[in-house]
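Here is the structure we will look at.
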Amino acid sequence: MNILVCIKQVPDMEAKFAVAANGVWYDPTDLAWRMNEYDEYGVEQAVQLKEQVAGSDVTVLCIGTDKAKEIMKKALAMGCDRGVHVADDEVFSREPYEIAAIIAEFARDKGFDLVITGMQSQDRGSAQVGLLVAEMLDLPGISTVVGCSLDGDGLALSRELEGGVRAKVRVNLPALFTCQLGLNKPRYPTLPNIMKAKKKELITIAVADLLKVAGRQATTALFVPQKKGGGLVLEGDPAELADKLIGILKEKTTVLS
Amino acid sequence: MKCLLIGEYRQGEMLSSVYELFGFAAGIGAEAALFLVGSEAAVPAADIGVYLADAERYGEYQPQVHQRLIAAAVERYQPDLIVFSHSSYGWDMAPRVAYRLGAAQVSEVVDFVDGEPVAPVCNGKLRRRIALKTARTVLTLQAGAFSAATLPAGSPNIEAVEADEQPRIIFEGYEQAPAADVDLSKAEVIVSAGRGIGKPDNVAMIAELAKKLGGEYGASRPVVDAEWVAHERQVGTTGQTVSPKLYVACGISGAIQHLAGMKKSEFVVAVNTDKDAPIGEVADVLVVADVTQFIPVLSEKLG
Ligand SMILES: Cc1cc2nc3c(=O)[nH]c(=O)nc-3n(C[C@H](O)[C@H](O)[C@H](O)COP(=O)(O)OP(=O)(O)OC[C@H]3O[C@@H](n4cnc5c(N)ncnc54)[C@H](O)[C@@H]3O)c2cc1C
């Protein structure tokens with residue numbers, strides 16, 4: 001099985017975000033960066049399928065600045081065979097339609113049997129890229145996948161709906177799916193695999209070679225939302241905090257009486 | 001301005017989230033019509049225009065086919081906006097429809113200011129305003145961001161829509177979550193563990209506090225995905241919806257999908273090391289502290 005898995009580098013969401021000087025995105029300095037959580041499940045699923053189907057090959061693709069190679073190395077250490085880094089210093093301003101067009105342009109003539117993406121990124125959260133790639137490549141696309149197994153020459157997938165309900169679907173290859181949290185247990189790269197990954201092929205393509213479309217929307221302003229509700233904020237020593245909280249619960253709720 | 005509102009039909013019924021779409025359209029002063037792959041019986045008895053495709057024929061989940069059906073309705077109604085809920089159906093269909101129409105798509109819209117949608121970034125810590133460059137736009141709306149509308153009394157004006165696209169996915173049916181042993185919806189107090197508890201051993205201190213408060217313990221999704229806590233205790237859109245007298249969120253950031261499951265709680269306490277965590281928006285009290293230090297102290301003081 002010839003698999004393409006697409007990953008993105010995102011900031012750790014626990015950071016304190018500041019608006020960048022351009023006013024339309026967050027300031028990328030002083031942030032800790034990691035692989036988009038949803039994509040970790042994608043890498044793991046690609047590697048698991050490779051382990052199940054002899055002769056498989058997994059390409060990992062990432063559009064990003066030079067720094068994004070960090071997560072590509074992790075993906076290679078998790079078991080991907082080769083990396084394609086699409087070098088793009090403007091990655092933060094790209095909308096899903098442009099990102100999908102770049103991926104589709106790369107994948108079009110490569111004969112992938114399966115394309116895997118995360119269902120969304122943690123920063124933008126648009127949940128569009130995977131399905132747009134499926135449209136652009138004319139592949140059946142299934143989103144929000146929480147279960148994946150081989151089924152004859154296709155895949156049996158389970159799509160997560162609301163309230164614990166799942167839809168069972170079957171699809172023939174070639175196909176594309178997007179990963180939801182909990183699809184599998186992403187492995188930690190082991191030291192020997194991290195060493196091995198250093199020897200794996202990691203090529204760089206300039207974004208200009210793959211981006212052939214114009215954007216359909218643009219962020220005009222990024223801002224910190226005004227705090228609407230927001231109650232009392234308590235800070236200090238744990239023992240004092242506990243006393244204060246107990247006092248408040250006695251006053252404001254009936255659970256301690 | 002005209003909006004085509006895309007209803008959702010599951011297991012024979014139209015989901016009530018569609019009324020929020022009507023609320024959105026009314027809020028921006030737009031004319032609206034409903035599109036539904038469903039049945040006549042599921043269409044609300046109201047004075048609205050409806051483009052109806054038969055779910056018996058086209059299936060409840062057949063995205064390629066639904067894409068063509070929606071495109072056919074767009075062709076007839078000529079809307080400026082095609083509006084979905086940001087739900088498992090909406091985020092799945094919206095990009096396909098946008099692509100087919102050559103339209104821009106903005107996801108999880110929470111506001112609409114001077115013709116520009118506003119959407120969250122980074123778990124709601126930031127927001128952005130978006131300028132649209134296409135004649136038509138596809139939007140998905142965050143659940144709860146727009147109030148539900150009451151529809152005008154009357155009878156619907158239904159037009160059938162058809163398409164002859166062949167399915168490319170075989171839909172084999174729904175799988176329900178197994179029946180739960182604990183019913184969180186009945187608990188008066190829920191203490192929930194989030195990823196911030198750090199390790200599975202710390203679930204015990206959360207359970208202990210829940211017991212001291214006479215309630216049950218719950219969890220956010222990552223804690224369930226990591227199998228530290230059973231799925232039946234997950235709170236949120238893909239878990240339980242709860243409304244206890246007291247909800248204590250321990251090491252939970254407050255993602256919208258978690259909030260959707262607990263924001264009706266009467267009193268919310270959040271314990272988080274991050275003063276800016278979005279959970280602060282719904283918390284009556286935000287205790288800025290390390291869960292592993294604070295929770296044992298609190299439990300002990302409760303005796
Ligand atoms: C379609 C969909 C459905 C989903 N359904 C659900 C759902 O039903 N329920 C759900 O919960 N999520 C759901 N999610 C996931 C959701 O988006 C978030 O990823 C999830 O809620 C985050 O869980 P968390 O807050 O525990 O973890 P994180 O977001 O990682 O937050 C951890 C928090 O702990 C704090 N922290 C860290 N260390 C400490 C410490 N020592 N002491 C105190 N605080 C600490 C951090 O500051 C942070 O705020 C869904 C997502 C999608 C896309």
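This structure is a prediction, so every number in the text was calculated from the model and none was measured. Per chain, numbering begins at 1; letters A, B, ... match sequence-line order.
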What I want to check is whether the side chains of [X] and [Y] have a donor and an acceptor closer together than 3.5 Å.
X: Gln105(B); Y: Ser107(B); value: yes
X: Asn184(A); Y: Glu44(A); value: no
X: Thr220(A); Y: Glu116(B); value: yes
X: Asn172(A); Y: Arg170(A); value: yes
X: Glu135(A); Y: Gln67(B); value: yes
X: Tyr61(B); Y: His66(B); value: no

Under 4.5 Å from a heavy atom of chain B, the part of [X] involved:
X: Thr144(A); value: side chain
X: Ala15(A); value: backbone
X: Leu157(A); value: neither
X: Thr178(A); value: neither
X: Thr219(A); value: both
X: Leu161(A); value: both
X: Glu37(A); value: side chain

At a 4.5 Å cut-off on heavy atoms, which part of [X] comes close to chain A: side chain, backbone, both, or neither?
X: Gln64(B); result: side chain
X: Ala119(B); result: neither
X: Ala131(B); result: both
X: Pro120(B); result: backbone
X: Ala270(B); result: neither
X: Ser253(B); result: neither
X: Phe171(B); result: both
X: Val269(B); result: side chain
X: Asp274(B); result: side chain

Quick check for you: among [options], which has the greatest number of heavy-atom pairs under 4.5 Å with chain A?
options: Asn123(B), Val189(B), Val106(B); value: Val106(B)
options: Leu213(B), Thr238(B), Leu298(B), Leu132(B); value: Thr238(B)
options: Arg100(B), Glu227(B), Lys212(B); value: Glu227(B)
options: His231(B), Gln257(B), Lys245(B), Lys125(B); value: Lys125(B)
options: Gly173(B), Ala260(B), Gly239(B); value: Gly173(B)
options: Lys275(B), Glu232(B), Arg221(B); value: Arg221(B)

Inset, instruction - Identify which one of Leu210(A), Val213(A), Leu137(A) satisfies the side-chain contact (heavy atoms from CB on, under 4.5 Å) criterion when paired with Glu105(A). - result: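 Filter result, single survivor: Leu210(A).
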
Option in [options] with maximal non-hydrogen atom pairs under 4.5 Å from chain B:
options: Gly154(A), Gly130(A), Gly163(A), Ala127(A); result: Gly163(A)
options: Val255(A), Leu181(A), Ile246(A); result: Leu181(A)
options: Leu139(A), Val10(A), Asp138(A); result: Asp138(A)
options: Lys244(A), Met119(A), Met136(A); result: Met136(A)
options: Val146(A), Leu234(A), Asp237(A); result: Leu234(A)
options: Gln122(A), Lys16(A), Glu235(A), Gln217(A); result: Gln217(A)

Legend entry - Partner of Tyr174(B) under side chain to side chain donor-acceptor pair (under 3.5 Å), chosen from Glu60(B), Gln11(B), Arg10(B):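 It is Glu60(B), the one option of Glu60(B), Gln11(B), Arg10(B) that forms the side chain to side chain donor-acceptor pair (under 3.5 Å) with Tyr174(B).
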
Legend entry - Sole residue of Gln180(A), Gln128(A), Arg159(A) in side chain to side chain donor-acceptor pair (under 3.5 Å) with Ser143(A):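 It is Arg159(A); the other options fail the test.
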
Side-chain donor-acceptor contacts of residues 289-297 of chain B below 3.5 Å, not counting sequence neighbours, with atom names and distances?
unit_1, atom_1, unit_2, atom_2, d
Asp290(B), OD1, Thr292(B), N, 2.9
Asp290(B), OD1, Thr292(B), OG1, 2.6

Inset, instruction - Give a yes/no verdict on a cation-pi contact between Arg127(B) and Phe223(A), requiring under 6.0 Å between NZ or CZ and the six-membered ring centre and an angle within 45° of the axis. - result: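 Checked: cation-pi criterion not met.
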
Legend entry - Geometric cation-pi criterion, Arg124(A) with Trp25(A): 6.0 Å, 45°: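 Verdict for Trp25(A): a cation-pi partner in Arg124(A).
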
About how many Å separate [atom2] of [Y] and [atom1] of [X], when rounded to the nearest 0.5 Å?
X: Met78(A); Y: Ile71(A); atom1: CE; atom2: CD1; answer: 11.0 Å
X: Leu4(A); Y: Asp113(A); atom1: CG; atom2: CG; answer: 11.0 Å
X: Met93(B); Y: Ser87(B); atom1: CE; atom2: OG; answer: 11.0 Å
X: Lys67(A); Y: Gln9(A); atom1: NZ; atom2: CD; answer: 6.0 Å

